[in-house]
Protein chains: 2
Amino acid sequence: MPDPSAATPQPLSPDEEALVRALGQVMHVLPRVIDADMVGDRQLPLTEYTALMNLSETPERRMRMNELAALCHLSLSGMTRTIIRLETQGLVRRERCEEDARGWNAVLTDAGFARLTESWPSHLAAVRRRFLQHFEGFDLTQLALAFQRAGTAEPTD
Amino acid sequence: MPDPSAATPQPLSPDEEALVRALGQVMHVLPRVIDADMVGDRQLPLTEYTALMNLSETPERRMRMNELAALCHLSLSGMTRTIIRLETQGLVRRERCEEDARGWNAVLTDAGFARLTESWPSHLAAVRRRFLQHFEGFDLTQLALAFQRAGTAEPTD
DNA sequence: CATATTTGCTTGACCAATCAAGCACCGGTT
DNA sequence: AACCGGTGCTTGATTGGTCAAGCAAATATG
């Protein structure tokens, strides 16, 4: 950590500057266009898609709210509200958790699974077209590792 | 565009899958931690910082709402509201545009400039620590280009 | 030159996320 | 067995953004 009282720390290099600006743009634009592609195509916003997807990858197609929220990068209350939206569409059902009566499981219904299968190609195409396409020729493994490091934030110290 | 009636398009490779998931995490985590770092440090949220920064880089330290909104990746109304927040803190002033009486200029005040100078090191440190650090050894130029491509979204067709 | 259309910005209504407070249940203590 | 701190989730209030409608000035058109 540079001393905050040091008036002028080393500024970013032009490369770094360009990368940071571009990332800013991507972070802003990508979710929106992917969401727009999917909504236009299949009427399923990205957040809801992500929830369904995570549920579907589980053996029993069910998950505790806690865990689902973490996987969807959502706060617990955010997750509650997403599940409620999905529930009213009949794509998810909620069941009390057997081994802990405080807990709930979000359960993917057949309708939900159908919806997911239906939306999947659209999501896949959007991700390829909007993102992966631009990284042809890169070492994806290395890139993924770097992003995993950046995405694993240590708490603010 | 793949035919949507084609039931099963080619799924993502493990590499691609990992990259996409990691990017999802980064997009979610990075703005929050950087924002948190800065707010904890200097009480200036990222959106407002970005606005001040863009204003400061202009010769007269002023800009039309339109242009500023684009640079900040914000809708015009979002920009209006951000500027209002900044105005009430005295960091920005609004002046009618001389050559077009419909238009407004957001003008960085001295207080705003001071605030920016004060926050800059904190922002810089956060960006390095949270992001750039993890990309040492990468070809930043190539990476920046790829992100610029991904960030330049063609309208949904 | 009067009127219609377009442009630049603000405002109103809304929405999805957050945090903080609340409620119900669990598990360990005495 | 009555309590009590901790846990799992929901709910209320707020926030920061969006889109759509509105208004005023500019510009194009008959």
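What you are looking at is a predicted structure, and each value in this text was computed from that prediction instead of being measured. Per chain, numbering begins at 1; letters A, B, ... match sequence-line order.
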Distance check: side-chain N/O of [X] vs OP1/OP2 of [N], anything under 4.0 Å?
{"X": "B/Thr80", "N": "C/dT10", "value": "yes"}
{"X": "B/Ser77", "N": "D/dC19", "value": "no"}
{"X": "A/Thr82", "N": "C/dA16", "value": "no"}

With respect to the side chain of [X], which nucleotide from [options] is positioned closest?
{"X": "B/Arg85", "options": "C/dT10, D/dC9, D/dG16", "result": "D/dG16"}
{"X": "B/Arg81", "options": "C/dC9, D/dG8, C/dT11", "result": "C/dT11"}
{"X": "A/Arg102", "options": "C/dA17, C/dC9, D/dT7", "result": "D/dT7"}
{"X": "B/Trp104", "options": "D/dA26, D/dT10, C/dC9", "result": "C/dC9"}
{"X": "A/Asn66", "options": "D/dA25, C/dT11, D/dC9", "result": "D/dC9"}
{"X": "A/Arg64", "options": "D/dG8, D/dT18, D/dG16", "result": "D/dG8"}
{"X": "B/Asp100", "options": "C/dC9, C/dG8, C/dC19", "result": "C/dG8"}

Is the B/Phe147 ring parallel, tilted or perpendicular to the A/Phe131 ring (thresholds 30°, 60°)? tilted
Heavy-atom nearest pair, A/Ala51 first then A/Leu86, reads CB-CD1, 3.9 Å
On a heavy-atom basis, which atom in B/His73 and which in A/His28 lie closest, and how many Å separate them? O-NE2, 2.6 Å
How many Å lie between [atom1] on [X] and [atom2] on [N], as a whole number?
{"X": "A/His73", "N": "C/dT18", "atom1": "NE2", "atom2": "P", "answer": "12 Å"}
{"X": "A/Arg96", "N": "D/dT7", "atom1": "CZ", "atom2": "P", "answer": "19 Å"}
{"X": "A/Leu76", "N": "D/dT7", "atom1": "CG", "atom2": "C1'", "answer": "11 Å"}
{"X": "A/Glu99", "N": "C/dC25", "atom1": "CD", "atom2": "P", "answer": "16 Å"}
{"X": "A/Met27", "N": "D/dG17", "atom1": "CE", "atom2": "P", "answer": "13 Å"}
{"X": "B/Leu68", "N": "C/dC9", "atom1": "CG", "atom2": "C1'", "answer": "13 Å"}
{"X": "A/Tyr49", "N": "C/dA16", "atom1": "OH", "atom2": "C1'", "answer": "20 Å"}
{"X": "B/Leu74", "N": "C/dC9", "atom1": "CG", "atom2": "C1'", "answer": "14 Å"}

Looking at A/Leu108, A/Leu91, A/Leu55, A/Leu52, which hits side chain to side chain contact (heavy atoms under 4.5 Å, CB included) with A/Phe113? A/Leu108
Taking 4.0 angstrom as the limit, do A/Arg21 and B/Glu57 come out as a salt bridge? yes
What does A/Gly78 touch in the nucleic acid at a heavy-atom separation under 4.0 angstrom: a base, only the sugar-phosphate, or nothing? base
Taking A/Asp35 for the side chain and A/Pro45 for the main chain, is one N or O donor matched with an acceptor at less than 3.5 Å? no
What I want to check is whether an N or O donor and acceptor connect the side chain of B/Ser75 with the base of D/dC19 at under 3.5 Å. no
Sorted by position of nearest nucleotide on DNA chain C, 5' first, the leading residue of B/Met65 and A/Glu48 is B/Met65
Comparing A/Met79 and A/Ala101 on DNA chain C - which has the more 5′ nearest nucleotide: A/Met79
